[in-house]
2 protein chains.
Amino acid sequence: MPVTIREVAKAADVSITTVSRALNGYSDVSEETRRRIMRVAEELNYRPNAVARSLVTNRTRTIGFLVSELSKGRTGHYYLFPILYGMQDRLAELGYDLILVSTTTTRQREITYLDFCTERRVEGVVAMGLRLDDPYLHEIVESPLPSVVIDVPLLSDRCGYVMTDNVYGAKLAVRHLLGRGHKKIGFVNGHSQAAVSMDRRRGYEEAMVSAGFRADQLPVFESDFTLEGGKQASEILLEKHPELTAIFYASDLMAIGGLRFLHERGRNAPKDLAVVGFDDVELSEVVTPALSTIRQKRYEIGVTAAEMLVEMMDADGFPQGRMLAPELIVRASS
Amino acid sequence: MPVTIREVAKAADVSITTVSRALNGYSDVSEETRRRIMRVAEELNYRPNAVARSLVTNRTRTIGFLVSELSKGRTGHYYLFPILYGMQDRLAELGYDLILVSTTTTRQREITYLDFCTERRVEGVVAMGLRLDDPYLHEIVESPLPSVVIDVPLLSDRCGYVMTDNVYGAKLAVRHLLGRGHKKIGFVNGHSQAAVSMDRRRGYEEAMVSAGFRADQLPVFESDFTLEGGKQASEILLEKHPELTAIFYASDLMAIGGLRFLHERGRNAPKDLAVVGFDDVELSEVVTPALSTIRQKRYEIGVTAAEMLVEMMDADGFPQGRMLAPELIVRASS
DNA sequence: CTGTTAGCGCTTTCAA
DNA sequence: TTGAAAGCGCTAACAG
């Protein structure tokens with residue numbers, strides 16, 4: 001059993017109250033006593049029991065991290081890791097820890113998201129990977145628990161969001177292709193239940209319309225964000241629109257699927273088709289040809305989510321929606 | 001503020017003890033009382049405070065999850081996600097939750113792994129991504145806290161491990177290639193500070209020696225597990241040993257790098273070079289040509305780690321080393 | 001079968 | 001500048 005505050009007090013010959021004050025940096029302790037207590041605590045290797053402290057302060061400094069249904073073989077984790085790291089790093093600095101909120105709550109009794117957080121006295125939640133038709137989405141957004149969702153622009157009383165400015169990102173991609181002289185630019189979108197899909201489509205359409213194309217005649221195909229999906233989408237889209245000289249994909253994985261499709265047909269990017277993706281996952285830099293893409297600042301998204309949440313919790317800040325600027329990365333594929 | 005047990009007791013007109021007993025499923029409560037209490041608890045939407053419970057039971061049902069230095073742009077997360085899911089799923093069933101143990105402990109004051117776990121009263125730890133020269137490794141293995149490490153065969157008083165039988169896996173790969181008629185089989189290994197590298201090399205060597213080759217003349221090159229590393233390794237190894245007709249890579253990512261190298265040179269697997277990887281990450285199925293590989297049962301590794309740890313914690317089981325059998329997956333690249 | 005009592009380890013009034 | 005005492009919400013003897 002670990003050392004308790006009582007043992008430290010006894011060894012330092014003071015009351016536990018004084019130990020508590022000394023160790024928590026209160027000013028009303030004489031320097032001499034403080035030093036003695038610190039020394040004793042050190043010698044005994046004392047570690048305050050966070051559980052006991054939480055019970056009295058009513059603060060657990062615990063943040064829930066929820067990734068929806070990711071266990072089901074989704075490929076989304078190629079995208080989310082840097083976000084997680086950004087969150088974790090910043091939260092550690094701010095003195096918070098992350099606990100994973102299981103979505104496959106197969107515990108003895110079924111337990112909801114909010115029940116879990118209530119029992120554990122989780123102070124706030126960051127959620128990602130949520131589809132618009134995800135049953136959790138509503139629960140999280142409407143819950144009184146402070147929360148931040150990634151990539152879903154829903155604001156409520158206690159829920160903010162962080163995401164990339166996808167409309168702008170898509171425009172960057174299209175303008176880049178237009179600038180390269182392309183006129184026939186297709187778009188392979190992600191599934192319709194992702195909020196980002198709508199924005200990326202809008203960005204694509206607006207940029208194309210600005211360039212003089214008719215919105216209702218744009219070559220668009222809806223896929224599912226995966227590599228395989230991107231491959232199939234490319235085939236279908238190019239069959240229907242053989243005149244295309246460029247395709248913008250709403251994810252790197254789909255774009256890589258496109259590259260693969262081309263390769264299988266003995267064709268190549270950027271010669272036969274210019275290819276631009278979205279996300280800038282690690283893979284994009286190393287595929288052949290290296291993939292041009294719209295970089296999302298994923299680590300920063302994580303950091304921002306962390307700070308926003310803590311501000312809601314600690315400083316009574318109200319929920320905000322924050323858009324981070326993406327960045328065009330030109331590589332070999334376009 | 002959430003509802004407390006006291007309020008439930010008052011509303012149900014019993015003592016808090018009885019409420020506790022009823023809700024925790026003790027038998028010494030009359031059916032009628034129990035039902036009444038359950039109903040009241042339900043109505044009030046009562047959720048027991050896990051913090052308070054932990055303080056008295058001295059159990060937090062919290063497991064630490066440590067991934068070493070993964071934030072530093074490592075590509076290891078392609079591998080580890082399914083392990084995490086396996087753990088999380090099984091631990092949820094067993095009534096435990098995962099808390100992330102930050103390795104970049106930039107908190108106000110520096111705090112070690114063990115300090116963190118002590119303060120949070122973490123009951124056990126699963127660690128992965130540990131290099132043999134990782135400073136955490138020693139600390140974890142020697143710590144009195146029950147722990148399980150993934151992919152490092154170090155056993156101690158309180159630390160067990162789970163990993164794939166890498167020697168066997170490598171042998172499967174080599175035998176497969178031998179069976180296809182290959183005689184000149186090279187090996188691209190991961191970095192030397194990974195325990196799995198040693199085993200995979202041993203498996204390769206033993207299989208080759210069994211087939212009549214001399215151990216000291218085998219074409220081996222040490223790389224770093226990454227795609228880019230695998231690409232470079234392929235170039236170097238093939239330059240030095242142009243006679244090779246097959247290469248076995250110690251990771252899928254490196255093998256994919258190999259495929260890419262071939263492609264850039266206008267050559268192809270399996271015609272010009274048979275390629276086999278290790279891990280069976282999601283990507284391997286969708287690259288072209290689809291990658292033959294040694295499948296690690298990653299979800300099962302996670303499940304096993306969870307069960308082993310819980311057995312150490314709950315049932316006073318002693319630490320074990322567990323090897324899971326890998327599986328040869330033959331696809332197009334060989 | 002139920003209630004009383006005594007803590008778990010800590011923080012926080014309130015007095016001294 | 002220090003200590004005594006109360007109590008956070010719960011479980012667990014021990015009586016009755």
Side-chain angles (χ1 to χ4, degrees), chain A residues 1-38 40-41 44-62 95 115-123, chain B residues 1-41 44-62 95 115-123 314:
Chain A
M1 289 290 288
V3 179
T4 72
I5 197 174
R6 177 177 271 97
E7 304 171 54
V8 177
K10 200 168 296 172
D13 199 35
V14 290
S15 71
I16 59 172
T17 311
T18 306
V19 175
S20 174
R21 278 193 288 240
L23 263 30
N24 287 315
Y26 285 70
S27 59
D28 55 354
V29 179
S30 79
E31 257 320 305
E32 196 217 308
T33 321
R34 158 170 282 120
R35 262 198 301 274
R36 181 158 37 97
I37 291 174
M38 302 274 267
V40 170
L44 295 179
N45 204 17
Y46 169 69
R47 294 290 144 200
N49 183 334
V51 174
R53 174 182 288 156
S54 287
L55 184 59
V56 45
T57 60
N58 208 20
R59 301 282 319 257
T60 56
R61 306 199 77 84
T62 304
D115 289 343
F116 175 86
C117 294
T118 308
E119 291 195 5
R120 281 270 180 183
R121 295 309 190 256
V122 166
E123 297 189 40
Chain B
M1 291 288 289
V3 180
T4 70
I5 196 174
R6 178 177 273 99
E7 304 171 53
V8 177
K10 200 169 296 172
D13 199 34
V14 290
S15 71
I16 58 172
T17 312
T18 305
V19 175
S20 175
R21 279 193 287 241
L23 262 29
N24 287 313
Y26 284 69
S27 59
D28 54 355
V29 179
S30 78
E31 256 321 304
E32 197 216 310
T33 320
R34 156 170 283 120
R35 261 200 300 274
R36 182 158 37 99
I37 291 173
M38 303 273 268
R39 188 169 46 71
V40 170
L44 296 179
N45 203 18
Y46 169 70
R47 294 291 144 200
N49 183 335
V51 174
R53 174 182 289 156
S54 287
L55 185 59
V56 44
T57 59
N58 209 21
R59 301 282 321 256
T60 56
R61 306 200 78 85
T62 305
D115 289 344
F116 174 87
C117 294
T118 308
E119 291 194 5
R120 282 271 179 182
R121 295 307 190 258
V122 165
E123 297 189 43
D314 287 5

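Note that these values count all heavy atoms, side chains included, but never hydrogens, waters or copies made by symmetry. First the proteins, then the strands, lettered A, B, ... as listed; each starts at 1.
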**Message:** Measuring only between side-chain heavy atoms, which start at C-beta, is B/Asn49 closer than 4.5 Å to A/Arg121?
**Reply:** yes

**Asked** Between A/Arg34 and A/Glu31, does at least one N-O distance fall below 4.0 Å, as a salt bridge requires?
**Response** yes

**Message:** Just the rounded figure in Å: distance from P of C/dG9 to CD1 of A/Ile5.
**Reply:** 11 Å

**Asked** Under 3.5 Å, is there an N or O donor on one side and an acceptor on the other linking the side chain of B/Arg21 and the base of C/dG3?
**Response** yes

**Item:** Flag if over 12 foreign heavy atoms under 6.0 Å of CG, B/Asn45
**Value:** yes

**Asked** According to a strict under-4.0 Å criterion, is A/Thr33 in side-chain N/O contact with OP1 or OP2 of D/dT1?
**Response** no

**Prompt:** Once you round it to whole Å, what is the distance between C1' of C/dT5 and CZ of B/Arg6?
**Reply:** 13 Å

**Asked** Rounding to a whole Å, what distance do you find between A/Glu119:CD and D/dC10:P?
**Response** 10 Å

**Prompt:** Expressed in angstrom and rounded to an integer, what is the separation of B/Leu23 atom CG from D/dA12 atom C1'?
**Reply:** 16 Å

**Message:** Taking the side chain as everything from C-beta on, heavy atoms only, tell me whether A/Arg61 gets closer than 4.5 Å to B/Arg120.
**Reply:** yes

**Request:** Using atom CD of A/Glu32 as one end and atom C1' of D/dT2 as the other, report the distance to the nearest whole Å.
**Result:** 13 Å

**Prompt:** In whole angstrom, what separates B/Leu55's CG from C/dT11's C1'?
**Reply:** 13 Å

**Message:** Let's see if you can work this out: which of D/dG3, C/dG3, C/dT11 has an atom nearest to the side-chain heavy atoms of A/Val14?
**Reply:** D/dG3

**Message:** With a cut-off of less than 4.0 Å, is there a side-chain N or O of A/Ser20 near OP1 or OP2 of C/dT11?
**Reply:** yes

**Asked** For the side chain of B/Ser15, counting heavy atoms from C-beta on, which of C/dT4, C/dC10, D/dC10 is nearest?
**Response** C/dT4

**Request:** Take B/Asn58 and B/Glu31, find for each the nucleotide of DNA chain C with the closest heavy atom, and name the residue whose nucleotide sits nearer the 5' end.
**Result:** B/Glu31

**Request:** Just call it for B/Asn24: base, sugar-phosphate, or nothing, with non-hydrogen atoms closer than 4.0 Å on any strand.
**Result:** sugar-phosphate

**Asked** Is there a donor and acceptor pair, one atom on the side chain of A/Thr17 and one on the base of C/dT12, closer than 3.5 Å?
**Response** yes

**Asked** For the side chain of B/Thr57, counting heavy atoms from C-beta on, which of C/dG9, D/dG9, D/dA12 is nearest?
**Response** D/dA12

**Request:** Might you work through the side chain to side chain donor-acceptor pair (under 3.5 Å) test for B/Ser20 and B/Thr17, ending with a clear yes or no?
**Result:** CA-CA 5 Å; B/Ser20 175; B/Thr17 312; over 6 Å; no

**Prompt:** Of all the choices, C/dT2, D/dT2, C/dC8, which nucleotide is nearest to the side chain of B/Asp28 once you look at every atom?
**Reply:** C/dT2

**Prompt:** What integer distance in Å separates B/Ile16:CD1 from C/dC8:C1'?
**Reply:** 14 Å

**Request:** Using the closest heavy atom to pick a nucleotide of DNA chain C for each, name whichever of A/Tyr26 or A/Met1 lands nearer the 5' end.
**Result:** A/Met1

**Asked** Once you round it to whole Å, what is the distance between P of D/dG9 and NZ of B/Lys10?
**Response** 12 Å

